[in-house]
Amino acid sequence: MKSVTDTYTLSNGVKIPSIGFGTWQVENGTQAVSAVRTAIELGYRHIDTAEGYGNEESVGEAVRQSGVKREDVFITSKLWNSEHGYKRTLAAFDKTMRKLDMEYLDLFLIHWPNPIAFRNNWQEANAGTWKAFEELYKAGRIRSIGLSNFHRHHIEALLKTATITPMVNQIRLCPGDTQDEVVDYSRSQGMILEAYSPLGVGRIFAIPEMRELAAKYGRTIAQVAIRWSLQRGYLPLPKSTHPARIKENLQVFDFELTDSDVRLIADLKGAAGYSSDPDTITH
Ligand code: A2P
């Protein structure tokens with residue numbers, strides 16, 4: 001990992017930039033257009049949005065305004081929870097593409113495995129959704145397809161009817177929240193792990209050990225956490241609306257954490273909270 005243009009290679013050969021710009025809680029309109037445009041100007045080539053974030057329109061607009069060619073930016077979006085099932089998924093995908101105003105998507109994810117609306121039939125709903133994902137993928141409308149917030153039992157259920165194995169699982173991964181079981185199982189199926197909330201949605205900044213490590217390496221806490229994420233083999237998706245931080249969060253390719261510090265950060269159990277249980281979420 002030497003530079004911001006480094007990539008991971010997905011199981012289908014598609015290359016994905018090793019850091020993405022997260023847009024959860026970035027408000028549609030001026031804020032999102034400006035943050036995403038700034039990110040692209042500063043070197044990000046991977047933007048992570050979702051129907052559920054409500055800012056797909058602004059992401060599309062920012063990419064166009066940036067002047068960078070569409071094929072040079074990797075764009076991810078996610079299917080929202082109310083739209084599981086074959087037909088709803090196809091319609092929701094069209095809606096996402098209209099909002100982005102793009103011809104194709106680089107990666108489409110099922111946002112949550114077990115939304116409240118499908119709690120009694122999530123396996124069947126996901127099977128229908130995945131069939132739609134596979135068709136859209138084969139038709140060339142999406143370059144890669146994957147999951148988010150899926151645990152082992154959700155993946156196993158999906159694989160019963162899948163003909164294409166998901167290429168990505170995007171989950172919450174940050175100092176002290178390493179979801180080892182999900183990571184190990186997803187990797188055993190050939191998936192890349194994307195790390196959402198790599199800064200614990202801001203909670204890592206209050207962890208004394210993170211402060212000490214930042215001082216030790218002469219870096220910021222955010223940089224130590226993002227570097228840690230890369231050294232764990234995750235694909236971090238840091239979010240910020242401040243240009244200086246957006247820039248800072250990319251400056252992580254010119255230092256290295258020792259193996260023992262990588263372990264120390266993993267072992268800060270719960271210091272930045274834990275991920276929600278996808279089987280009991282209320283959305
Ligand atoms: P802001 O958007 O105001 O910059 P995560 O990526 O884990 O979701 O964390 C995002 C949170 O961390 C946001 O509150 C964001 O605030 C803050 N943040 C992002 N980058 C930095 C940074 N380099 N230094 C301090 N805070 C940051």
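Heavy atoms only: backbone and side chains are in, while hydrogens, waters and symmetry mates are out.
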>> Which residue is it: N28, T49, T30? I am looking for the one with a side chain to side chain donor-acceptor pair (under 3.5 Å) to S58.
In response: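 Only one of N28, T49, T30 forms a side chain to side chain donor-acceptor pair (under 3.5 Å) with S58, namely N28.
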Counting only N and O atoms by type, is there a donor-acceptor contact under 3.5 Å from the side chain of [X] to the main-chain atoms of [Y]?
X: R227; Y: L257; answer: no
X: W80; Y: E51; answer: no
X: D72; Y: V68; answer: no
X: S197; Y: L199; answer: no
X: S186; Y: N169; answer: no
X: E134; Y: T163; answer: yes

Donor-acceptor pair between [X] and [Y] side chains, under 3.5 angstrom:
X: T220; Y: E248; value: yes
X: K15; Y: T9; value: yes
X: K269; Y: Y274; value: no
X: H154; Y: N114; value: no

[atom1]-[atom2] distance between [X] and [Y], expressed to the nearest 0.5 angstrom:
X: R143; Y: E71; atom1: CZ; atom2: CD; answer: 9.5 Å
X: W122; Y: T129; atom1: CH2; atom2: OG1; answer: 12.5 Å
X: E56; Y: M102; atom1: CD; atom2: CE; answer: 10.0 Å
X: L173; Y: D177; atom1: CG; atom2: CG; answer: 7.0 Å
X: T89; Y: K87; atom1: OG1; atom2: NZ; answer: 12.0 Å
X: E135; Y: I145; atom1: CD; atom2: CD1; answer: 10.5 Å

> Is the number of heavy atoms from other residues, nucleotides or ligands under 6.0 Å of E209 CD greater than 12?
Replying inline: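 More than 12 within 6.0 Å, yes.
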>> For E124, is the CD atom crowded, meaning more than 12 foreign heavy atoms sit under 6.0 Å from it?
In response: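 No - once you tally the heavy atoms of other residues, nucleotides and ligands closer than 6.0 Å, there are 12 at most.
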> Looking only at heavy atoms, which two atoms of P17 and R45 are closest? And how far apart?
Replying inline: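 Distance-wise, the nearest heavy atoms are CG-O, 3.6 Å.
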> So which heavy atom on Q231 is nearest to which on V262, and how close?
Replying inline: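 Scanning both residues completely, I find the closest heavy atoms to be NE2-CG2, 3.5 Å.
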> With I226, which of I221, L250, I19 fulfils side-chain contact (heavy atoms from CB on, under 4.5 Å)?
Replying inline: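 So, applying the side-chain contact (heavy atoms from CB on, under 4.5 Å) to I226 and each of I221, L250, I19, only I19 qualifies.
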> So K78 and D48, salt bridge (charged side-chain N to carboxylate O under 4.0 Å, His left out) or not? Walk me through it.
Replying inline: CA-CA 9 Å; K78 314 185 188 80; D48 185 88; 2.5 Å; yes
> With respect to H84, which candidate in W112, F118, F133 satisfies the ring-ring contact (aromatic ring centres under 6.0 Å, His included) definition?
Replying inline: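 Testing H84 for a ring-ring contact (aromatic ring centres under 6.0 Å, His included) against W112, F118, F133 leaves exactly one candidate, F118.
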>> I'd like to know if R64 and E61 make a salt bridge, using a cut-off of under 4.0 Å between side-chain N and carboxylate O.
In response: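 So R64 pairs with E61 through a salt bridge.
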> Using 4.0 Å as the upper bound for N to carboxylate O, is an ion pair formed by D261 and K216?
Replying inline: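 Salt bridge flag = yes for D261 with K216.
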> Between H153 and H151, what is the ring plane arrangement, given parallel below 30°, perpendicular above 60°, and tilted in between?
Replying inline: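 H153 vs H151 ring planes: perpendicular.
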> Please walk me through it: do D94 and K99 pass salt bridge (charged side-chain N to carboxylate O under 4.0 Å, His left out)?
Replying inline: CA-CA 9 Å; D94 283 340; K99 284 190 181 163; over 6 Å; no
> Between H111 and Y53, is the gap from one ring center to the other below 6.0 Å?
Replying inline: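 Centroid separation for H111 and Y53: below 6.0 Å.
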> Given the rule in the ring pair (Phe, Tyr, Trp, His ring centres under 6.0 Å) test, do Y86 and W130 qualify, once you have shown the distances and angles that lead to the verdict?
Replying inline: CA-CA 8 Å; Y86 178 73; W130 198 250; over 10 Å; no
>> Would E41 and R37 count as a salt bridge (charged side-chain N to carboxylate O under 4.0 Å, His left out) here? Give the steps.
In response: CA-CA 6 Å; E41 277 160 14; R37 231 187 109 163; 3.2 Å; yes
>> I want to check a possible cation-pi pair here: R70 against Y104, using under 6.0 Å from ring centre and within 45° of the ring axis as the test.
In response: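 Output yes; distance and angle both within limits.
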